[in-house]
Amino acid sequence: MNDASETKSISIHPDVLALKAKAQTEGLETVWERFAAQQPQCGFCELGLSCRICVMGPCRIDPFGDGPQRGVCGADADIMVARNLARMVAAGAASHSDHGRDLLETLLAVGEGTAPGFGIADQTKLDRLAEEFGVAGDLPLLPKAKELALAMMEEYGIKKGYLTFTRRLPAARLEKWRNLGIDPRGVDWEVTEMMHRTHMGVDNDAVSLLVQAMRCALADGWGGSMIATEISDVLFGTPKPVSSQVNLAVLQGDRVNLILHGHSPLVSEMVARAAQDPGLVARAQALGAKGINLVGLCCTGNEVLMRQGIPMVGNHLVQELALITGAVEAMVVDYQCIMPSLGDLAACYHTKFFTTSPKAKFPGATHLPFTPENGAALGRDLVAQAVENFARRRPERVLIPGAPVSQVSGFSVEIIKEALGGTWEPLINAIKAGQIRGAVGVVGCNNPKVMHDFGHTTLTRKLIENDILVVDTGCAAVAHAKAGFKRPEAAELAGPGLKAVCQALGIPPVLHMGSCVDNTRIVNLATALANALGVDLDQLPLAAAAPEWYSEKAATIACYAVASGIYTVLGVMPPVLGSAAVTDLLLNGLETHLGATFAVEPDPAKAADLIIKHVEGKRRALGLEAR
């Protein structure tokens, strides 16, 4: 990307462009150079028409070939595409659900008294979950935590019935699932069965494969991911609104900068506590720094942002540029969405690159694996090493462009209900009156195929202008914050109805609900509204959108959103176009059975139009005034 116009097309943010130019000047490669070098990307893979499941292949099917075509085993285009998508969903479900298992292991260690530094931050939620899972209410705190952890671990195996959290749903939704045979059993059961079905010679019916993919996704959304969210709240606190800042300029030239990156709060919470240690702060000052500055990146950043107010340096596509500022003493990562290129880039500067998950090693990194037993000590060690590294910084190589943008984050379901006076009635009344036309969850990743943050911000701006409340998570949340949507003053950007509601409550028109596992907060919020109204989720004026998604986890999230009854618009086409049958099922065939379906629209303004039309249609069906 040597042409200036190509460089400008990568992002909507001047600070990103400034660091991209710095990287080019210093001869450093970023995600955008690697993306350009891969062009043209494999057309067979984009269509889902390549298969490497066994070593009789790899096989591919020519979409323009004459007559019926098959792989070596006899799989046609429908089987091949469905199998590939199903495996993508299984991988995404495994990733987020394994995150939930890590939280449960730590909760168990807390209950057994073997996790120094960890504790129970929200006893009210612990008590509520214990009751939901049938744990005796009269147990002391730590034994209750242990029994809850053990009960929730059962959700991963074979359940004699259905996942516990699905009982939160309206009966009509559960009936739909049972009629289709997609009511999720155990998390590991569904993932394992999905992988088994996609082995050569097992399930070779495209519809059957996609039905199980939905079941697998639901096991994540109403199992593993929901466990991750709920237990994070128990251990570290249920989020409440907190003021903070966002963008690359939250890095500070006169302080020790440490970036927390990945998706799990286990290590980052320990680092956050250690960074306040007076001895470590004094050591930083002795080395010439004014203090220690923690910043977050991706969903680990979202976790500590919404609980600790730690500022966000950026989202997925910014992770390399953060190192290119030359101002980062250490980057600490756990797992998911972390580029293997980071070790090489850190070596170009003075930056230390630490990996902390036993299941995630990276080239060029120092590996310091986390356990619940060593978490507190590990957090202190990581901060100490970052502090000592400040002396190696080269000021002449530092560039921190732009200025911080203020934001308010941390809108859990509990705090939203509390702000409404402990009842959903005010929100329901605002929707009935048309002040709020509906609500949309705008979520998902960044993708170099899409101009950085353009999809998120363009879609969301149009939605709030049309009185549609937006809730967000993950990388989308960072994009919206940088655009200024997360300040109460952003109510001025909303339509008159939403503006009035936001100003009355003192909230922004875009509410941050957490990291990408916290999409479960969004489906829980939708469920609470449906139950309050006595309807199924597919009857509500709701939708979801992922304008810049890239990951297998995002595919899983989209599937459990649709299966839960939420119309979902994707900005990037999944690899399914090689099968007309699979494409038609996803875009048209699910509505009859689930009350919701997918749409794909790369233009975010047109995607907003689709959502607005959908919201207004749901209002009419409920007998509410429609535009």
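Note that the numbering runs from 1 along the sequence shown for the chain.
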Enumerate the ring-ring contact (aromatic ring centres under 6.0 Å, His included) contacts for residues 272-330, please, sequence neighbours excluded, ordered by first and then second residue.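 The answer is H316-Y550.
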Taking ring-ring contact (aromatic ring centres under 6.0 Å, His included) as the cut-off, I'd like each qualifying pair that reaches into residues 245-299, sequence neighbours left out, listed once.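 Checked against ring-ring contact (aromatic ring centres under 6.0 Å, His included) - neighbours excluded - no pair reaches residues 245-299.
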Output all residues satisfying salt bridge (Lys or Arg N to Asp or Glu O under 4.0 Å) with R487, sequence neighbours left out; order by chain, then residue number.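 Salt bridge (Lys or Arg N to Asp or Glu O under 4.0 Å) list for R487, sorted by chain: empty.
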List in chain and number order the residues that pass salt bridge (Lys or Arg N to Asp or Glu O under 4.0 Å) with K352, two or more places apart in sequence or in another chain; answer none if no residue qualifies.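 Salt bridge (Lys or Arg N to Asp or Glu O under 4.0 Å) list for K352, sorted by chain: empty.
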What is the distance from atom [atom1] of [X] to atom [atom2] of [Y], rounded to the nearest 0.5 Å?
X    : Y    : atom1 : atom2 : value
C59  : R52  : SG    : CZ    : 11.5 Å
K606 : L459 : NZ    : CG    : 14.0 Å
S225 : D98  : OG    : CG    : 11.0 Å
S232 : M306 : OG    : CE    : 7.0 Å

Heavy-atom closest contact (F353 atom, A346 atom, distance):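 Closest approach of F353 to A346: CB-CB, 4.0 Å.
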Could you tell me which non-hydrogen atom of P547 sits nearest to which non-hydrogen atom of V443, and how far apart they are?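 Closest heavy-atom pair between P547 and V443: CD-O, 3.7 Å.
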Side chains of D334 and T300: is there a donor and an acceptor less than 3.5 Å apart?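 Yes - a donor-acceptor pair under 3.5 Å links their side chains.
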Using a distance-only test with no angle check, is there a side-chain donor-acceptor pair under 3.5 angstrom linking D102 and Y335?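 Yes, a side-chain donor-acceptor pair sits under 3.5 Å.
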Side chain to side chain contact (heavy atoms under 4.5 Å, CB included) between V328 and Y349: does it pass, once the steps are laid out? CA-CA 9 Å; V328 178; Y349 297 92; over 6 Å; no
Evaluate the criterion side chain to side chain donor-acceptor pair (under 3.5 Å) for residue pair N446 and E548; output intermediate values, then yes/no. CA-CA 5 Å; N446 299 128; E548 303 181 31; 3.2 Å; yes
Among E33, E26, E29, exactly one meets salt bridge (charged side-chain N to carboxylate O under 4.0 Å, His left out) together with K20. Which residue is that?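 Among E33, E26, E29, the one meeting salt bridge (charged side-chain N to carboxylate O under 4.0 Å, His left out) with K20 is E33.
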Please report the C-alpha distance between E388 and R283 in whole Å, then the side-chain angles of each, then the deciding distance to 0.1 Å, and finally whether the salt bridge (charged side-chain N to carboxylate O under 4.0 Å, His left out) criterion is met. CA-CA 8 Å; E388 294 301 322; R283 178 58 180 163; 2.7 Å; yes
Which residues pass the side-chain hydrogen bond (donor to acceptor under 3.5 Å, both in side chains) test with S97, not counting sequence neighbours?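 S97 satisfies side-chain hydrogen bond (donor to acceptor under 3.5 Å, both in side chains) with D220 only.
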Quick one: side chains of residues 240-249, donor-acceptor pairs under 3.5 Å with protein atoms, not counting sequence neighbours, listed by atom name and distance.
residue, atom, partner, partner atom, Å
S244, OG, G309, O, 2.9
N247, OD1, A249, N, 2.9
N247, ND2, A403, O, 2.5

Lys/Arg-Asp/Glu bridge criterion (N-O < 4.0 Å) met for E320, R34: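 Yes, this pair counts.
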Would you call D453 and K482 a salt bridge, using N to O less than 4.0 angstrom?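 Between K482 and D453 there is no salt bridge, as every charged N stays at least 4.0 Å from the carboxylate O atoms.
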For a side-chain hydrogen bond (donor to acceptor under 3.5 Å, both in side chains) with T473, tell me which candidate from D518, T520, N519 qualifies.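 Testing each of D518, T520, N519 against T473, the sole residue satisfying side-chain hydrogen bond (donor to acceptor under 3.5 Å, both in side chains) is N519.
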